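Following: one structure in structure tokens, then a few remarks.
Each chain gets a letter, A, B and so on, in the order the sequences are listed, and its residues count up from 1. No experiment lies behind these values; they were computed from the predicted model shown.
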Amino acid sequence: MSYLSSEDDVAPLLYCERPEWQDVTPISQYEAVSSPIAPIFYTPEYKDATNYFRGVVKTGETSERVLELTERIIRMNPAHYSAWQYRYRTLLATNAPLDVELKLMDQIAAHNMKTYQVWHHRRLLITQLTSASLAKDPVDTATAELEFIGNVLALDTKNYHTWSYRQWLLAHFDDAGLWLGELPYVDDLLLEDVRNNSAWHHRYFVVFGRGSRSQATPAEEGEVLQREIRYVKDKISVAPNNPSAWNYLRGILEYSNTPFSTLLPFTEPYTRAYVQPTDDVVDLDNPKPSSDATLPCVAALDFLAEAYVRAGGDGVGKAVELWKQLANEHDTMRKKYWEYRIKEALEGKTN
Amino acid sequence: MSDSGQITLPPLTKASHASHCNRCLQGLPAGQIEVDASRVAIGFYSLGSLDLLGLLQSKTIDAEREAWRVWLWQQQASGSYGTGFKGSSYMTGHDRDPVVDYSEYDTPNLIMSYTSLLSLAILRDDLANLDRIGLIQFIKSCQRDDGSFSALPNGGESDLRCVYCAFTISSMLDDWSGIDLERSIAYIRRCESYEGGYGQAPYGEALGGTTYCALASLHLAPDSPTRLATWITPAHRARTIRWLMQNQGEDGGFSGRTNKISDACYCFWCGASLAILGLGEDVDSEALAGFISQCQFKFGGIAKAPEARPDPYHTYMSVAAMSVLPPSIPTDDWTLPPLDVLWNATKETVAWLRAHVTEAGIAAAHAS
């Protein structure tokens, strides 16, 4: 396909120099005042291509050469959303092979991961490719997409757009087999970087969010919760000062209405200086911090205080003591916040 | 550093930041081509910075400001989806038709409409040219079935950023007939993540910018005084506050997500979110100012992080953050005019907009 030009192409001719474009009337940009806001000093190539683009949009032309033109503009300015919109329209109007387009997009996406339009265009393509009329096997397509997303996330493991796209894809196809691969994927990412909050967020999305299976029995749900609590405890024991893991723990306890106080035996060793174990008994349910951990851990103190204050009664006093420690010793940057928590608790606002 | 008060804060080099913004208003190099479709936003960040720094009048000349107003009005376009502002004339041909003002590929944009209105108010325009009724129709065209908004009436992604713009414009016009509020509020609430912040869309990871959009929108909604506590219950409010507070890093700056590094723009998004929730006074504002001071570029402008390159967006967000959460030991050069934290403009600019954007204000401008 001629429009699949590679990025290595050197200085292609301007459209105004190409005989095959002579039938298009280029339209220059409207700019009526002498001193507009933030004018951009366009390159001759950009000015030329967009002049011809305004020309074809005006006549409504949809053709293979419009695909070439829009690709060229998108490569110069991936945030040119009109070029994306018009390209998509042209793809449909010319019955262009969308799998070829997707291959081209693999390359463009990897270079423009932070551009909204790149991901939106991909959603449109995948939706169209798997629609009834084209009858591409949805699960095969989605599986290939997950592999592509994995490759791109390997370049930038916290890219917001890419994660959003992965979550859209899973929810859109909502296939049990696809969901099954997600936890091993998250495991791999967390083994690589236990502080990757996007991976933790994805885990929540898969287990408790959109991916949770509504047909699960209460017993199955209970098992899943216990599995997740064990998982996050293990991750905390490896790296206690990791807000992502603590936020996940709090999130799943709140989701399941599980009292924070059920985690007291686990949390307490993280809220004081390291104590050398006096025996060899390993409590697998409550993994302890290692000797090189920075203790006490702010997130653990915060959690413990929360557990106390929610339990009420004399718990409020215990929580206040912990917040004072945080305010004056362990987390002085948030001193006023911890004092606010004390004030709220003493006024009886436990939330 | 945070509580000693002994470390002196380097000065906020206002004049050099104003020069940076002024240079961007004058023109951008070809390397900035990605903002071609959103030059109005660059204009807003630059003009907004000058407004906050108190240097708009002294750093720019009357003829320029007049030309910028004319240019902004040229971005207002009417058509089948209503009336709004484009981000630039990047798709508009020199043969622009005065009657059929835009094509399907050259429509106004909701985000650009919001930033145009603020920019015009900063330039103290009388808003006589504003098509109020058309703008309401345009907002309506941008709402999706799930309650969200997209920037464009005929496609593109929809998210909380655009919800915020729709809510703010409706609040400015004091006319909410363009929004199906119940659906929008349900959408906003679906964006809250287990961490306490709001994602860009439902099921998204908690993010500073969209958390601000959610909180500001809920506070702007017309029945907010009676219903806010049902939209943000005490438990949810506590969780959101906790997450926001947690995002202030040891360097004093805020990150936009858990375990990410600090970024000057999130000093505003997270800091302003806390201010909206009534916790602005509880932020360590000395440490915050310390971080912003380190993000100042030596030749003007503020960058997202120390040693990075400045741009009008991070300059504006940094200065806005310093207006909302000023260091408690005030120094002359860090003193800035107060900001309306929901609309995100100085209170003086907001007052101007409020007075001129009404039907009566527009009628009066026509009469004069």
Side-chain angles (χ1 to χ4, degrees), chain A residues 27-43 46 50 54 57-58 76-82 85-86 115-116 119-120 158 160 163-164 167 171 195-198 201 204-205 208-210 242-244 247-248 250-252 254-255 332-337 340 349 351, chain B residues 2-3 24-25 27-30 32-40 42-43 46 63-64 67-68 70-72 74 89-96 103 105-106 152 155-157 193-195 200-201 203-205 207 234-235 238 243 245-246 248 250 257-260 279 281-284 287:
Chain A
I27 300 174
S28 60
Q29 184 172 326
Y30 173 84
E31 203 73 275
V33 291
S34 56
S35 174
I37 286 179
I40 299 172
F41 299 103
Y42 297 132
T43 61
Y46 186 78
T50 53
R54 282 184 287 270
V57 169
K58 175 134 186 164
M76 288 188 275
N77 176 11
H80 194 300
Y81 58 78
S82 304
Q85 280 180 307
Y86 203 78
T115 306
Y116 280 89
W119 300 104
H120 185 69
K158 299 180 181 179
Y160 202 90
W163 278 110
S164 299
Q167 285 146 11
R195 292 182 169 80
N196 182 345
N197 198 59
S198 299
H201 174 83
Y204 189 93
F205 172 76
F208 300 99
R210 187 64 170 77
N242 177 11
S244 295
N247 287 358
Y248 184 79
R250 297 170 73 116
I252 65 177
E254 282 176 345
Y255 173 87
T332 52
M333 174 171 279
R334 272 162 282 275
K335 183 179 174 65
K336 289 184 198 160
Y337 169 64
Y340 157 82
K349 297 179 192 164
N351 298 320
Chain B
S2 56
D3 51 5
C24 294
L25 284 164
L28 300 171
Q32 298 281 309
I33 197 67
E34 288 201 29
V35 300
D36 195 21
S38 50
R39 282 164 49 202
V40 163
I42 302 300
S46 303
E64 276 174 336
W68 293 336
V70 172
W71 184 82
L72 284 163
Q74 284 169 355
S89 49
Y90 85 122
M91 272 304 290
T92 313
H94 65 82
D95 57 346
R96 175 178 191 170
S103 76
Y105 301 95
D106 188 23
L152 305 175
E157 69 286 338
S193 119
Y194 67 91
E195 290 194 278
Q200 191 160 284
Y203 301 113
E205 184 182 354
L207 184 62
W243 176 79
M245 285 286 180
Q246 191 182 61
Q248 189 171 21
E250 282 176 19
R257 291 185 260 165
T258 305
N259 272 332
K260 294 265 286 181
L279 274 282
E281 303 276 312
D282 294 328
V283 172
D284 186 339

Portion of [X] that has a non-hydrogen atom of chain B nearer than 4.5 angstrom:
X: Gln29(A); value: both
X: Arg250(A); value: side chain
X: Lys158(A); value: both
X: Phe208(A); value: neither
X: Arg210(A); value: both
X: Gln167(A); value: side chain
X: Phe205(A); value: side chain
X: Ser28(A); value: both
X: Tyr340(A); value: side chain
X: Tyr160(A); value: both

Residue, of [options], that accumulates the most heavy atom pairs under 4.5 Å with chain A:
options: Gly156(B), Ser46(B), Ala201(B); value: Gly156(B)
options: Ile33(B), Leu25(B), Thr92(B); value: Ile33(B)
options: Glu64(B), Gln32(B), Gln248(B); value: Gln248(B)
options: Ile42(B), Asp36(B), Val70(B); value: Asp36(B)

(request) Evaluate the ring planes of Tyr194(B) and His201(A), with Trp represented by its six-membered ring, and classify them as parallel (under 30°), tilted (30 to 60°) or perpendicular (over 60°). (result)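 Answer is parallel, since the angle falls under 30°.
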With a 4.5 angstrom heavy-atom cut-off, which part of [X] approaches chain A: side chain, backbone, both or neither?
X: Glu250(B); answer: backbone
X: Gln246(B); answer: both
X: Val283(B); answer: backbone
X: Leu279(B); answer: side chain

(request) May I ask you to check whether Asn242(A) and Asn259(B) show a side-chain donor-acceptor distance below 3.5 Å? (result)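 Indeed, the side chains of Asn242(A) and Asn259(B) share at least one donor-acceptor pair under 3.5 Å.
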(request) Say whether, by atom type as modelled, one donor and one acceptor occur between the side chain of Ser193(B) and the main chain of Glu205(B) under 3.5 angstrom. (result)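 No: the side chain of Ser193(B) does not pair with the backbone of Glu205(B).
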(message) Using 0.5 Å steps for rounding, measure from the CZ atom of Arg257(B) to the OG atom of Ser198(A).
(response)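 Answer for the CZ-OG pair, Arg257(B) versus Ser198(A), is 4.5 Å.
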